[in-house]
Amino acid sequence: MNIHIFQNQQELNEAGAGIITSLVQTQPKAVLGLATGGTPVGIYEELVKAYNKGRVSFKSVTTFNLDEYVGLPEDHPESYHAYMKQHLFAHIDLPLNQALIPNGNAADLEEECELYNQRLEEAKQIDLQILGLGHNGHIGFNEPDHSLISGTHRVELKSETREANARYFNSINEVPSHALTMGVGTILKAKTILLIVRGADKAEIVHRALTGPITTEIPATLLQTHPHLVVLMDAEAGRLFE
Ligand code: GLP
(Lines give C-alpha, C1' and ligand atoms only; values in the text may rest on other atoms or scores of the structure.)
Protein backbone atom coordinates (compact mmCIF):
# COMPACT_ATOMS: atom_id res chain seq x y z
CA MET A 1 0.00 0.00 0.00
CA ASN A 2 1.26 3.37 -1.03
CA ILE A 3 -0.13 6.28 1.01
CA HIS A 4 0.36 9.93 0.05
CA ILE A 5 -0.90 12.79 2.20
CA PHE A 6 -1.23 16.24 0.64
CA GLN A 7 -1.23 19.62 2.34
CA ASN A 8 -3.50 21.16 -0.26
CA GLN A 9 -6.31 20.01 -2.51
CA GLN A 10 -4.72 21.26 -5.70
CA GLU A 11 -1.62 19.10 -5.17
CA LEU A 12 -3.85 16.10 -4.53
CA ASN A 13 -5.91 16.78 -7.66
CA GLU A 14 -2.80 17.13 -9.80
CA ALA A 15 -1.27 13.95 -8.39
CA GLY A 16 -4.49 11.98 -9.01
CA ALA A 17 -4.90 13.30 -12.53
CA GLY A 18 -1.18 12.72 -13.17
CA ILE A 19 -1.51 9.01 -12.35
CA ILE A 20 -4.44 8.69 -14.76
CA THR A 21 -2.87 10.69 -17.61
CA SER A 22 0.44 8.80 -17.36
CA LEU A 23 -1.43 5.51 -17.63
CA VAL A 24 -3.45 6.65 -20.66
CA GLN A 25 -0.35 8.12 -22.35
CA THR A 26 1.51 4.82 -22.10
CA GLN A 27 -1.58 2.65 -22.61
CA PRO A 28 -4.05 4.49 -24.88
CA LYS A 29 -6.53 1.58 -24.68
CA ALA A 30 -6.57 1.61 -20.88
CA VAL A 31 -9.70 0.53 -19.03
CA LEU A 32 -10.59 2.94 -16.25
CA GLY A 33 -12.99 2.40 -13.37
CA LEU A 34 -14.62 5.70 -12.45
CA ALA A 35 -16.17 6.97 -9.24
CA THR A 36 -18.65 9.74 -8.50
CA GLY A 37 -19.38 11.80 -5.39
CA GLY A 38 -17.71 15.03 -4.29
CA THR A 39 -14.27 13.45 -3.85
CA PRO A 40 -13.07 12.98 -7.47
CA VAL A 41 -14.47 16.24 -8.91
CA GLY A 42 -11.17 18.15 -8.67
CA ILE A 43 -9.30 15.27 -10.29
CA TYR A 44 -11.72 15.25 -13.22
CA GLU A 45 -11.18 19.02 -13.57
CA GLU A 46 -7.44 18.42 -13.87
CA LEU A 47 -8.01 15.66 -16.43
CA VAL A 48 -10.08 18.05 -18.55
CA LYS A 49 -7.27 20.65 -18.30
CA ALA A 50 -4.71 18.05 -19.41
CA TYR A 51 -6.96 17.10 -22.33
CA ASN A 52 -7.41 20.76 -23.34
CA LYS A 53 -3.65 21.24 -23.32
CA GLY A 54 -3.35 18.27 -25.72
CA ARG A 55 -1.43 16.19 -23.19
CA VAL A 56 -3.81 13.23 -23.26
CA SER A 57 -6.53 11.71 -25.44
CA PHE A 58 -9.27 9.37 -24.25
CA LYS A 59 -10.45 8.27 -27.68
CA SER A 60 -9.39 4.64 -27.22
CA VAL A 61 -10.09 4.41 -23.48
CA THR A 62 -12.99 2.40 -22.03
CA THR A 63 -14.53 3.43 -18.72
CA PHE A 64 -16.77 1.61 -16.27
CA ASN A 65 -18.56 3.58 -13.60
CA LEU A 66 -18.93 1.97 -10.21
CA ASP A 67 -22.58 2.60 -9.63
CA GLU A 68 -25.87 4.35 -10.38
CA TYR A 69 -29.06 5.03 -8.47
CA VAL A 70 -32.12 2.93 -9.28
CA GLY A 71 -35.09 4.79 -10.72
CA LEU A 72 -33.50 8.22 -11.04
CA PRO A 73 -33.91 9.53 -14.61
CA GLU A 74 -30.57 9.80 -16.44
CA ASP A 75 -31.14 13.51 -16.96
CA HIS A 76 -31.80 14.15 -13.25
CA PRO A 77 -28.90 16.40 -12.14
CA GLU A 78 -27.95 13.96 -9.37
CA SER A 79 -27.90 10.83 -11.50
CA TYR A 80 -24.37 9.52 -11.99
CA HIS A 81 -24.99 9.64 -15.75
CA ALA A 82 -25.54 13.42 -15.44
CA TYR A 83 -22.58 13.77 -13.05
CA MET A 84 -20.18 12.07 -15.45
CA LYS A 85 -21.37 14.19 -18.36
CA GLN A 86 -21.07 17.38 -16.33
CA HIS A 87 -17.65 16.74 -14.83
CA LEU A 88 -15.88 14.73 -17.50
CA PHE A 89 -17.54 13.18 -20.53
CA ALA A 90 -18.84 16.41 -22.09
CA HIS A 91 -15.32 17.90 -22.05
CA ILE A 92 -13.09 15.13 -23.42
CA ASP A 93 -12.87 12.96 -26.55
CA LEU A 94 -14.02 9.72 -24.92
CA PRO A 95 -16.61 8.13 -27.27
CA LEU A 96 -19.81 7.71 -25.24
CA ASN A 97 -20.25 4.09 -26.37
CA GLN A 98 -16.97 3.36 -24.54
CA ALA A 99 -18.23 5.04 -21.33
CA LEU A 100 -20.25 2.45 -19.44
CA ILE A 101 -22.49 3.18 -16.48
CA PRO A 102 -25.02 0.74 -15.02
CA ASN A 103 -28.56 1.58 -16.15
CA GLY A 104 -30.61 2.09 -13.01
CA ASN A 105 -33.75 2.51 -15.12
CA ALA A 106 -33.55 -0.84 -16.92
CA ALA A 107 -36.85 -2.74 -16.99
CA ASP A 108 -35.06 -5.82 -15.69
CA LEU A 109 -32.37 -4.82 -13.19
CA GLU A 110 -30.99 -8.34 -12.77
CA GLU A 111 -30.51 -8.63 -16.50
CA GLU A 112 -28.82 -5.21 -16.47
CA CYS A 113 -26.38 -6.38 -13.78
CA GLU A 114 -25.56 -9.49 -15.81
CA LEU A 115 -25.01 -7.38 -18.90
CA TYR A 116 -22.67 -5.08 -16.98
CA ASN A 117 -20.74 -8.09 -15.67
CA GLN A 118 -20.47 -9.40 -19.22
CA ARG A 119 -19.10 -6.10 -20.47
CA LEU A 120 -16.58 -6.10 -17.61
CA GLU A 121 -15.51 -9.62 -18.50
CA GLU A 122 -15.09 -8.65 -22.16
CA ALA A 123 -12.83 -5.80 -21.03
CA LYS A 124 -10.81 -8.45 -19.10
CA GLN A 125 -9.42 -6.18 -16.38
CA ILE A 126 -9.79 -2.64 -15.15
CA ASP A 127 -6.32 -1.13 -15.30
CA LEU A 128 -7.01 1.63 -12.80
CA GLN A 129 -9.99 1.83 -10.49
CA ILE A 130 -10.69 5.20 -8.89
CA LEU A 131 -12.51 4.94 -5.56
CA GLY A 132 -13.99 7.30 -3.02
CA LEU A 133 -14.92 6.22 0.49
CA GLY A 134 -18.33 6.31 2.18
CA HIS A 135 -18.58 7.40 5.82
CA ASN A 136 -19.58 3.87 6.79
CA GLY A 137 -16.70 2.37 4.81
CA HIS A 138 -18.65 1.63 1.64
CA ILE A 139 -16.88 1.48 -1.71
CA GLY A 140 -18.99 2.04 -4.80
CA PHE A 141 -22.33 1.30 -3.19
CA ASN A 142 -21.12 -1.88 -1.49
CA GLU A 143 -22.64 -1.27 1.92
CA PRO A 144 -21.51 -2.88 5.21
CA ASP A 145 -23.03 -6.35 5.54
CA HIS A 146 -22.43 -9.85 6.95
CA SER A 147 -21.32 -10.92 3.49
CA LEU A 148 -20.48 -9.07 0.28
CA ILE A 149 -21.36 -9.77 -3.33
CA SER A 150 -18.62 -10.17 -5.91
CA GLY A 151 -20.28 -8.97 -9.12
CA THR A 152 -22.60 -6.13 -10.13
CA HIS A 153 -25.82 -6.21 -8.13
CA ARG A 154 -28.76 -4.21 -6.83
CA VAL A 155 -28.33 -2.89 -3.32
CA GLU A 156 -30.54 -1.22 -0.74
CA LEU A 157 -28.81 1.92 0.49
CA LYS A 158 -28.21 2.29 4.23
CA SER A 159 -29.92 5.20 5.94
CA GLU A 160 -26.52 6.79 6.74
CA THR A 161 -25.61 6.69 3.04
CA ARG A 162 -28.94 8.27 2.04
CA GLU A 163 -28.41 10.92 4.74
CA ALA A 164 -24.85 11.63 3.54
CA ASN A 165 -26.00 11.94 -0.07
CA ALA A 166 -29.05 14.05 0.84
CA ARG A 167 -26.77 17.09 0.62
CA TYR A 168 -26.84 16.72 -3.15
CA PHE A 169 -30.69 16.57 -3.30
CA ASN A 170 -33.44 18.93 -2.09
CA SER A 171 -34.36 16.54 0.71
CA ILE A 172 -33.58 13.03 1.92
CA ASN A 173 -36.93 11.85 0.52
CA GLU A 174 -35.60 12.44 -2.97
CA VAL A 175 -32.53 10.19 -2.44
CA PRO A 176 -33.27 6.85 -4.12
CA SER A 177 -33.56 3.84 -1.81
CA HIS A 178 -31.65 1.47 -4.11
CA ALA A 179 -28.69 1.49 -6.46
CA LEU A 180 -26.80 -0.80 -8.82
CA THR A 181 -23.15 -1.23 -7.95
CA MET A 182 -20.12 -3.06 -9.20
CA GLY A 183 -19.26 -5.73 -6.64
CA VAL A 184 -16.16 -5.92 -4.48
CA GLY A 185 -14.85 -8.88 -6.50
CA THR A 186 -14.71 -6.73 -9.62
CA ILE A 187 -13.18 -3.79 -7.74
CA LEU A 188 -10.46 -5.97 -6.22
CA LYS A 189 -9.66 -7.50 -9.63
CA ALA A 190 -8.46 -4.10 -10.91
CA LYS A 191 -4.74 -3.95 -11.63
CA THR A 192 -4.31 -0.79 -9.56
CA ILE A 193 -6.75 0.87 -7.16
CA LEU A 194 -6.56 4.61 -6.55
CA LEU A 195 -8.40 5.47 -3.34
CA ILE A 196 -9.06 9.18 -2.81
CA VAL A 197 -10.12 10.49 0.60
CA ARG A 198 -10.72 14.07 1.70
CA GLY A 199 -11.91 15.82 4.83
CA ALA A 200 -11.79 15.50 8.62
CA ASP A 201 -15.10 13.61 8.62
CA LYS A 202 -13.36 10.69 6.83
CA ALA A 203 -10.24 10.58 9.07
CA GLU A 204 -11.49 7.80 11.35
CA ILE A 205 -13.07 5.62 8.69
CA VAL A 206 -10.05 5.75 6.38
CA HIS A 207 -7.76 4.86 9.29
CA ARG A 208 -9.98 1.90 10.24
CA ALA A 209 -10.28 0.89 6.58
CA LEU A 210 -6.55 0.76 5.99
CA THR A 211 -5.22 -0.36 9.37
CA GLY A 212 -8.10 -2.14 11.16
CA PRO A 213 -9.22 -5.76 11.02
CA ILE A 214 -10.54 -6.85 7.63
CA THR A 215 -14.31 -7.20 7.81
CA THR A 216 -17.26 -7.08 5.44
CA GLU A 217 -18.86 -4.70 7.97
CA ILE A 218 -16.37 -2.12 6.63
CA PRO A 219 -16.10 -3.05 2.95
CA ALA A 220 -13.11 -0.73 2.39
CA THR A 221 -11.00 -2.90 4.75
CA LEU A 222 -10.86 -5.45 1.90
CA LEU A 223 -8.67 -2.99 0.03
CA GLN A 224 -5.84 -3.98 2.39
CA THR A 225 -5.65 -7.27 0.49
CA HIS A 226 -4.99 -5.55 -2.85
CA PRO A 227 -1.40 -5.75 -4.13
CA HIS A 228 -1.43 -2.32 -5.82
CA LEU A 229 -3.36 0.11 -3.68
CA VAL A 230 -2.46 3.80 -3.98
CA VAL A 231 -4.11 6.15 -1.47
CA LEU A 232 -4.24 9.92 -1.93
CA MET A 233 -5.52 11.84 1.10
CA ASP A 234 -5.66 15.43 2.17
CA ALA A 235 -4.09 16.32 5.53
CA GLU A 236 -7.50 16.36 7.30
CA ALA A 237 -8.40 12.85 6.19
CA GLY A 238 -4.85 11.62 6.82
CA ARG A 239 -4.63 13.09 10.34
CA LEU A 240 -4.45 9.68 12.10
CA PHE A 241 -1.62 8.45 9.86
CA GLU A 242 0.83 11.16 10.93
C1 GLP B 1 -21.26 7.76 -2.72
C2 GLP B 1 -20.78 6.91 -3.92
C3 GLP B 1 -19.39 6.43 -3.70
C4 GLP B 1 -18.58 7.58 -3.13
C5 GLP B 1 -19.01 7.84 -1.70
C6 GLP B 1 -18.42 9.09 -1.09
O7 GLP B 1 -22.45 7.34 -2.19
N8 GLP B 1 -21.61 5.82 -4.28
O9 GLP B 1 -18.86 5.92 -4.91
O10 GLP B 1 -17.22 7.25 -3.11
O11 GLP B 1 -20.41 7.80 -1.59
O12 GLP B 1 -19.01 10.24 -1.61
P13 GLP B 1 -18.35 11.70 -1.46
O14 GLP B 1 -17.14 11.69 -2.33
O15 GLP B 1 -19.41 12.64 -1.98
O16 GLP B 1 -18.03 11.86 -0.02
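Just so you know, these numbers come straight off a predicted model, no measurement behind them. All ligand and atom numbering here is 1-based and tracks the order in the structure. Along the sequence shown, residues are numbered consecutively beginning with 1.
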Requested in this report: Identify the two heavy atoms, one from Ala35 and one from Met84, that lie closest to each other, and give their separation to 0.1 Å.
Outcome: O-SD, 4.2 Å

Query raised in the report: So is Glu143 in contact with ligand 1, going by heavy-atom distances below 4.0 Å?
Result: no

Query - Residue and atom name of the nearest protein heavy atom (relative to atom 6 (C) of ligand 1), distance in Å to one decimal - result: Leu133 O, 3.5 Å

**Report entry** Between CZ on residue Arg154 and CD1 on residue Ile149, distance to nearest 0.5 Å
**Finding:** 11.0 Å

Query raised in the report: Which pair of non-hydrogen atoms, one from Gly37 and one from Tyr83, has the smallest distance, and what is that distance?
Result: O-OH, 2.7 Å

**Report entry** ring pair (Phe, Tyr, Trp, His ring centres under 6.0 Å) assessment of Phe89 paired with His81
**Finding:** CA-CA 10 Å; Phe89 297 161; His81 279 76; 9.0 Å; no

Query raised in the report: Near Gly132, which atoms of ligand 1 are under 4.0 Å from a heavy atom of that residue?
Result: 10 (O)

Requested in this report: Could you verify whether a donor N or O on one side chain and an acceptor N or O on the other, from Asn13 and Glu45, lie under 3.5 Å apart?
Outcome: no

Query - Flag for Asn117-Glu114: side-chain donor and acceptor within less than 3.5 Å - result: no

Query raised in the report: Where does Arg162 meet ligand 1, judged by heavy-atom distances below 4.0 Å: at the side chain, the backbone, both, or neither?
Result: neither

Query raised in the report: Does Gly140 have a heavy atom less than 4.0 Å from any atom of ligand 1?
Result: yes

Query - atom 11 (O) of ligand 1 [closest protein heavy-atom partner, distance rounded to 0.1 Å] - result: His138 NE2, 3.0 Å

Query - atom 8 (N) of ligand 1 [closest protein heavy-atom partner, distance rounded to 0.1 Å] - result: Asp67 OD2, 2.9 Å

Report summary line: for atom 4 (C) of ligand 1, nearest protein heavy atom and its distance come out as Thr36 O, 4.1 Å

Report summary line: Here the atoms of ligand 1 under 4.0 Å from any heavy atom belonging to Gly37 are 14 (O), 15 (O)

**Report entry** Close aromatic pair by centroid cut-off 6.0 Å: His153 and Tyr116
**Finding:** no

Report task. Run the contact test for Lys202 against ligand 1 with a 4.0 Å cut-off on heavy atoms, strictly below, and give the result. Result -> yes

Report task. Give the atoms of ligand 1, by number and element, whose distance to some non-hydrogen atom of Asn165 is under 4.0 Å. Result -> 1 (C), 7 (O)

Query raised in the report: For atom 2 (C) of ligand 1, what is the nearest protein heavy atom, given as residue, atom name and distance?
Result: Tyr80 OH, 3.8 Å

Report task. Measure up the Phe141 and Tyr80 rings against each other and bin them: parallel (under 30°), tilted (30 to 60°), perpendicular (over 60°). Result -> parallel

Query raised in the report: So is there a nitrogen or oxygen of Thr39 less than 3.5 Å from a nitrogen or oxygen in ligand 1?
Result: yes

Query raised in the report: Against heavy atoms of Gly38, which atoms of ligand 1 measure under 4.0 Å?
Result: 13 (P), 14 (O), 15 (O)

Query raised in the report: Any chance the side chains of Asp93 and Ser57 put a donor and an acceptor closer than 3.5 Å?
Result: yes

Query raised in the report: Could you state the interatomic distance from CG (Asn2) to CG (Leu229), rounded to the nearest 0.5 Å?
Result: 8.5 Å

Query raised in the report: Of all the atoms in ligand 1, which lie at a distance below 4.0 Å from a heavy atom belonging to Tyr168?
Result: 15 (O)

Query raised in the report: Counting from 1, what ligand 1 atoms have a heavy atom of Phe141 closer than 4.0 Å?
Result: 7 (O), 8 (N)

